[in-house]
> 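Below are the structure tokens for one structure; questions will follow.
Whatever order the structure lists ligands and atoms in, that order sets their numbers, starting from 1.
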Amino acid sequence: MMKLRTVVIPVAGLGTRFLPATKTLPKEMLPVVDKPLIQYAVEEAWAAGMERIVFITGRGKKILEDHFDHSPELEETLTARGKDDLLAEARSTIPAAAGNLLYTRQNRPLGLGHAVWCGRNVVGDEPFAVILPDDLIDTGSEQPVLQQMAHEFEQRQASIVAVMPVDPEQTSKYGIVAPLARDLDTRSEATRCIQVSGLVEKPLAEAAPSNLAVIGRYILMPEIFHYLERRHQGVGGEVQLTDAIAALLERQAVYAYRFRGTRFDCGDKVGFQMANAALSLQRPQIRERLLPFLRELVSKQA
Ligand code: UTP
């Protein structure tokens with residue numbers, strides 16, 4: 001029985017869709033309401049019981065490391081002022097056991113596949129998870145997505161990619177999975193986790209083998225490193241993780257898991273605003289003032 005204990009979080013991308021904000025600020029530090037994207041990712045990893053978090057960082061990403069450490073000046077000031085609740089917030093990012101956060105560098109942003117490959121020596125010969133922090137998934141009262149997937153992994157002991165149904169006109173924006181079994185009803189509970197026979201990168205609706213799009217949560221067997229090692233350049237000249245998964249599934253079972261939750265693409269300006277709106281409105285104190293404001297704004301624009 002293989003145990004899942006490591007998650008890789010790639011944060012070495014340039015975040016060009018968010019320029020000029022990301023010229024000096026890492027995209028992963030952009031806050032949704034009051035928490036940076038990276039913190040949502042780390043909290044999801046902790047909730048899934050991960051013991052080791054491997055960040056793939058790059059130049060200009062130092063503040064990400066500081067975010068998960070003590071801030072002595074801030075903590076002293078908050079203590080002196082008796083602001084215990086804020087002190088707890090400031091300390092909430094610090095791991096329970098020192099040494100569980102590991103950092104390695106991708107010295108050039110050659111693509112997501114290459115970023116994951118840069119983690120190979122830290123991960124070692126064992127299954128591992130990947131979280132892309134810009135895919136923020138609100139699961140409400142359900143378990144966080146990686147926890148849902150870790151539960152599936154316990155039973156399947158194989159690679160699993162997270163998928164979500166998309167409208168036909170959206171398939172050309174995603175990697176789309178081809179289900180192994182034909183004519184599946186991909187809405188029923190019985191097909192929440194299905195075996196995959198192929199992965200098609202950004203197909204038009206007519207050519208799409210399903211409407212299930214791969215998003216930023218993966219559990220991968222260590223053999224994936226073998227395929228990433230080839231550094232095959234795919235779409236956009238980047239080393240694509242989906243290409244390596246497509247090669248892996250020729251040799252071993254790969255599953256697609258339709259997660260419970262709503263995903264926001266926070267690497268995109270619109271998705272990021274949507275995440276902020278949705279998560280803000282879940283906080284009663286913010287909702288009280290924001291909702292009337294938004295209603296008025298919309299009525300003025302109508
Ligand atoms: P994206 O492709 O969304 O990020 O990668 P990007 O390249 O930074 O963004 P744009 O398209 O230029 O706006 C998803 C995740 O993979 C990481 C990113 O940091 C992000 O967390 N990534 C991407 C790397 O670590 N290295 C890479 O070479 C590419």
> At a heavy-atom distance under 4.0 Å, which protein residues reach ligand 1? Sort them by chain and number, would you?
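If the criterion is a heavy atom under 4.0 Å, then ligand 1 touches Pro10, Val11, Ala12, Gly13, Leu14, Gly15, Thr16, Arg17, Lys27, Glu28, Gln106, Pro109, Leu110, Gly111, Leu112, Ala115, Pro133, Asp134.
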
> Is the count of non-hydrogen atoms from other residues, nucleotides or ligands lying under 6.0 Å from Met274 atom CE greater than 12?
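Count not over threshold, so no.
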
> Do Arg120 and Phe225 meet the cation-pi criteria used here (NZ or CZ under 6.0 Å from the six-membered ring centre, within 45° of the axis)?
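No, cation not above the ring by the 6.0 Å, 45° rule.
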
> Would the distance check show the side chain of Gln106 and the main-chain N or O of Gly111 forming a donor-acceptor pair, the cut-off being under 3.5 Å?
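Answer holds: yes.
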
> Decide yes or no for Val214 and Leu241: does some side-chain heavy atom of the first lie under 4.5 Å from some side-chain heavy atom of the second?
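No; the side chains remain at least 4.5 Å from each other.
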
> Donor-acceptor pair, distance only, cut-off 3.5 Å: does the side chain of Arg258 make one with the backbone of Val163?
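Not confirmed, Arg258 side chain does not pair with Val163 backbone.
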
> Could you tell me whether the side chains of Glu201 and Gln240 share a donor-acceptor contact shorter than 3.5 Å?
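There is no such pair between these side chains.
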
